[in-house]
Amino acid sequence: MFPWFAVGHLTPFLHLSNKLAEKGCTISFLLPNKAIKLLQHFNLYPDHITFHPLKVPHVEGLPPGTETASDIPIYLTHFLCVAMDRTRDQVEKIIRDQKPDFVMYDMAYWIPEVARPLGIKTIKYSVVSAAAIAIVLVPAPELSAPPTGYPSTSVVLRGHEVRSLLFVSQPYGEGITFYERACTGMKGCDAIAIRSCYEMEEKLCDYIGRQYGKPVFLTGPVLPESTRTPLEDRWAQWLNGFEAGSVVFCSFGSQLILEKEQLQELVLGFESTGLPFLVVLKPPVGSSTIEEALPEGFEERVKGRGVVWGGWVQQLEILDHPSIGCFVNTCGFGSMWESLMSDCQIVLVPHLGDQILNTRLMAEELKVAVEVERDEKGWFTKENLSNAIKGVMDKDSEVGSMIKKNHSEWRKLLRSEGFMSSYIDKFFQNMQELADHK
Ligand SMILES: O=c1ccn([C@@H]2O[C@H](COP(=O)(O)OP(=O)(O)O[C@H]3O[C@H](CO)[C@@H](O)[C@H](O)[C@H]3O)[C@@H](O)[C@H]2O)c(=O)[nH]1
């Protein structure tokens, strides 16, 4: 397993590794040294899954010590791609030593070049939605419309949102654009795997398979069915102090760093809901702590009912806490699945291109969430945020009841006996057939 150096990618690769280890596979998991600490509690089969730490070389343009996308603002990501590509010698050595049957990868487009001469099969595992892959099948200058044959009219970008995909034609590593990286990685593999399910994205998955002429294997959502570690006492105790389903939890993923002004607007939005809230965000641009960026008098005013936290929390465990009633997030693909598995109302504030598409899927196709209204620049006002939250938390709200009902049906399906395991069984069978295919 060789995932991209970002928590939102490392985590689902590890969840899948657990499922494959359960079936008896032996897995070498390649990851930046620093990420081991963050992930090791998710390794449920340490006898089968071995972490191989990689030394991430320093690349000019990155702060010293950068190892994952969480360490840097999004606009520096292309330098981290350079660093990942420069681990190629280390990766190649591990592959030669371990001689696996398969290598699964995502952003490292050069894996097929390394593996094929050794007779090793490769699977490109996409941990973003099928919609997000399908929409970038054309280079950015043509992005004003989805590619020909794109099979959805609702899971699309609208107007100015198209700008969120302009990065596709920009360098993403040395001498390679994001588009070229994505396409080369797809064209070189023996099969494409997607962390999705037919119930949600069948047409999009089939479309990708047709475009690349490759088999497409779906792994399903691949989430732990229950949380394994107890919630940190600090949060358990704080949340225990509120009524069931009353607290609004907000987490913006592992990467997003806001401008100070945006952060202030956001927290003021939470304040004006009048509801208890736990907001987890990275300190904004130019601040070393979250506290120094909060609006004046804010902490005093929300004391006892609101917390804004600048560190890492156990998101899955928090979502499982009975006091949480609403989850506000950017609809990164990891949080999207986690929110669907939870019992909470879902409010979405997408930021990146794939997050907008996931939001359309959730809010318009499945109708399990509401999307906060945003302006041309992609930002929103405290009133819009507060209204969206109150709209789903109000017991008499029609929209709130409608999304609650739809969400509960999806949750029932995802949690139903055999739903996730049948995807894994099928995926495992697909892998065995691919291994036998000379
Ligand atoms: O304090 C925190 C913050 C995050 N998480 C976990 O980190 C993961 C975050 O994943 P996601 O919600 O997808 O956010 P990002 O990592 O920011 O997402 C990146 O990767 C996704 C693919 O997984 C893309 O869809 C997004 O656009 C991209 O920003 C989830 O499993 C969370 O449970 C925690 O456990 N604690």
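Each ligand, and each atom within it, is numbered from 1 in the order the structure gives. Values in this document were obtained by computation on a predicted structure and should not be read as measured data.
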Residue pair Phe13, Phe29: steps toward the ring pair (Phe, Tyr, Trp, His ring centres under 6.0 Å) verdict: CA-CA 9 Å; Phe13 268 75; Phe29 198 101; 7.0 Å; no
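- Below 4.0 Å from some heavy atom of Ser335 lie the following atoms of ligand 1, by number and element: 11 (P), 12 (O), 13 (O).
- Between Arg158 and Glu364, at least one side-chain nitrogen of the basic residue sits less than 4.0 Å from a carboxylate oxygen of the acidic one, meeting the salt-bridge criterion.
- A ring-centre distance under 6.0 Å is found for Phe419 and Tyr423.
- For ligand 1, one of its N or O atoms has an N or O atom of Gln315 under 3.5 Å away.
- Taking a cut-off of under 4.0 Å to the non-hydrogen atoms of Glu338, the atoms of ligand 1 that pass are 30 (C), 31 (O), 32 (C), 33 (O).
- Considering backbone and side-chain N/O atoms, Gly8 comes within less than 3.5 Å of an N/O atom of ligand 1.
- Atom CD of Glu373 has 12 or fewer neighbouring heavy atoms from other residues, nucleotides or ligands inside a 6.0 Å radius.
- Geometrically, ligand 1 and Val128 share no nitrogen or oxygen pair separated by less than 3.5 Å.
- Residue pairs meeting the side-chain hydrogen bond (donor to acceptor under 3.5 Å, both in side chains) criterion with at least one member in residues 251-263, sequence neighbours excluded: Ser251-Gln315.
- Between Asp85 and Arg181 there is a salt bridge, since a side-chain N of the basic residue sits under 4.0 Å from a carboxylate O of the acidic one.
- Numbered from 1 in the order shown, with element, the atoms of ligand 1 that lie under 4.0 Å from a heavy atom of Gln355 read 26 (C), 27 (O), 29 (O).
- Any N or O atom pair closer than 3.5 Å counts here, and Gly334 shares at least one such pair with ligand 1.
- Close N/O approach between Asn358 and ligand 1 is not found [any backbone or side-chain N/O within under 3.5 Å].
- The single protein non-hydrogen atom nearest to atom 18 (O) of ligand 1 is Gln255 OE1, 4.0 Å, given as residue, atom name and distance.
- Annotation: atom 21 (C) of ligand 1 to nearest protein heavy atom, Phe333 N, 3.9 Å.
- Taking distance alone, with nitrogen or oxygen atoms compared against 3.5 Å, Ser251 stays at or beyond that limit from ligand 1.
- Close contacts of ligand 1 with Val313, meaning ligand atoms under 4.0 Å from a residue heavy atom, involve 1 (O), 2 (C), 34 (C), 35 (O), 36 (N).
- Atoms of ligand 1 lying under 4.0 Å from any heavy atom of Leu352, numbered from 1 in the order shown and given with element: 27 (O), 29 (O).
- Remark: Arg88 pairs with Glu113 by the side-chain hydrogen bond (donor to acceptor under 3.5 Å, both in side chains) rule, at least two apart or across chains.
- Ligand 1 has Val127 within reach: a non-hydrogen atom of the residue lies less than 4.0 Å from it.
- Trp312 CH2, 3.4 Å is the protein heavy atom nearest to atom 4 (C) of ligand 1.
- Of all the atoms in ligand 1, the ones that sit under 4.0 Å from a non-hydrogen atom of Gly253 are 3 (C), 14 (O), 17 (O).
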